[in-house]
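Have a look at the structure below before the remarks.
Source: prediction; values computed, not measured. Order of listing sets the numbers, starting from 1, for every ligand and every atom in it. Heavy-atom basis, side chains included; hydrogens, waters and symmetry copies ignored. In what follows, residues are counted from 1 in the order of the sequence shown.
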Amino acid sequence: MIGVSNFQIPHLQRLLDETGVTPAVNQIELHPYFQQRSLRAFHAQHGIVTESWSPIGQGKALLRDERILRIAQKHRKTTAQIVLRWHFDNGLIAIPKSVHAERIRENFNVFDFQLDAEDSALLNGLDNPQGRLGPDPETADF
Ligand SMILES: NC(=O)c1ccc[n+]([C@@H]2O[C@H](COP(=O)([O-])OP(=O)(O)OC[C@H]3O[C@@H](n4cnc5c(N)ncnc54)[C@H](OP(=O)(O)O)[C@@H]3O)[C@@H](O)[C@H]2O)c1
């Protein structure tokens, strides 16, 4: 069993065609500002689990977004918790990074509330083709 990272659809297709091996998981940049819908659809079609890297947008603008802040206030949660719940609700694996014990605890504590349809619609609507924070796998020198 293998896992891959930063594979785009052509990379996955080539792997499938040339080896017959379907990876168990593909770890890709994914957060509400960059939702990777076509890649996720390809994953779903082939039974590949999607793992989100930079799931809370590297702790930057995403966590200060006024629209997410309003959802957070409604549920008495933090914006990080709202975003992590969104990943969970969408069947995505999200492993946020923090060096602070309190934040690590906070990031786990997302199972005592639910996003409603309005929250989900708002979060789904934040997708932006220009929303990538990290390197583009097509051009990055890994
Ligand atoms: N495969 C790849 O190419 C690739 C690329 C990038 C990242 N990754 C992996 O993805 C994982 C996470 O990605 P990432 O570190 O880029 O971004 P991230 O998890 O979205 O964000 C991490 C940042 O958010 C802050 N943070 C964490 N929890 C917070 C909270 N509750 N409230 C406010 N700020 C919070 C952290 O600061 P503090 O630490 O100071 O709390 C850190 O600066 C890592 O394990 C990394 O290895 C993989």
Worksheet item: Nearest protein heavy atom to atom 10 (O) of ligand 1, by residue and atom, and its distance?
Response: Trp53 CB, 3.4 Å

Worksheet, complete the sentence: Of Gln58, Arg103, Glu29, Lys97, the one whose closest heavy atom lies nearest atom 19 (O) of ligand 1 is Lys97

Item to complete: Ignoring angles and geometry beyond distance, decide whether Pro96 reaches within less than 3.5 Å of ligand 1 through its nitrogen or oxygen atoms.
Response: no

Worksheet entry | Option whose closest heavy atom lies nearest to atom 14 (P) of ligand 1, chosen from Ser54, Ser98, Pro55, Ser5 | Ser54

Response to the item:
Scanning both residues in full, the closest heavy-atom pair of Leu62 with Pro32 reads CD2-CD, 3.7 Å

Discussion item. Is atom 46 (C) of ligand 1 touching the protein, meaning some protein heavy atom lies under 4.0 Å away?
Written reply: no

Fill in: side chain to side chain donor-acceptor pair (under 3.5 Å), paired with Ser52, selected from Gln35, His87, Gln27, His31
His87

Worksheet item: Considering all heavy atoms of both residues, which atom of Glu138 and which atom of Gln8 are nearest to each other, and what is their separation?
Response: OE2-CG, 3.4 Å

Discussion item. Which residue in the set Arg70, Lys77, Arg85, Lys74 passes salt bridge (charged side-chain N to carboxylate O under 4.0 Å, His left out) when paired with Asp119?
Written reply: Lys74

Worksheet item: At their closest point, which heavy atom of Phe7 faces which heavy atom of Asn26, and how far apart are they?
Response: O-ND2, 2.9 Å

Fill in: Leu63, any N or O under 3.5 Å of ligand 1 N or O
no

Worksheet entry | Nearest non-hydrogen protein atom, atom 12 (C) of ligand 1 | Ile95 O, 3.6 Å

Practice prompt. Please report which non-hydrogen protein atom sits nearest to atom 26 (N) of ligand 1, along with the residue it belongs to and the distance in Å to one decimal place.
Written response: Ile56 CD1, 3.7 Å

Worksheet, complete the sentence: Counting from 1 in the order shown, the ligand 1 atoms closer than 4.0 Å to a non-hydrogen atom of Gly59 are 21 (O), 23 (C), 24 (O)

Worksheet item: Side chain, backbone, both or neither: which part of Asn107 comes within less than 4.0 Å of ligand 1 when only heavy atoms are counted?
Response: side chain

Discussion item. When you compare ligand 1 with Ala80, is there at least one nitrogen or oxygen pair between them that comes in under 3.5 angstrom?
Written reply: no

Response to the item:
Going by the 4.0 angstrom heavy-atom rule, the piece of Thr78 near ligand 1 is neither

Fill in: Shortest protein heavy-atom distance from atom 3 (O) of ligand 1, along with the residue and atom involved
Asn6 ND2, 2.9 Å

Worksheet item: Can you name the closest pair of heavy atoms from Phe42 and Leu16 and give their distance?
Response: CZ-CD1, 4.0 Å

Worksheet item: Step by step, would you call Thr22 with His46 a side-chain hydrogen bond (donor to acceptor under 3.5 Å, both in side chains)?
Response: CA-CA 7 Å; Thr22 303; His46 292 275; 5.6 Å; no

Fill in: Closest approach of Ser98 to Ile104 (non-hydrogen atoms, all atoms of both residues)
O-CD1, 3.3 Å

Worksheet, complete the sentence: Nearest non-hydrogen protein atom to atom 1 (N) of ligand 1, with distance, is Gln27 OE1, 2.7 Å

Discussion item. Given 3.5 Å as the limit, does a donor-acceptor pair link the side chain of Glu29 with the main chain of Gly134, or not?
Written reply: yes

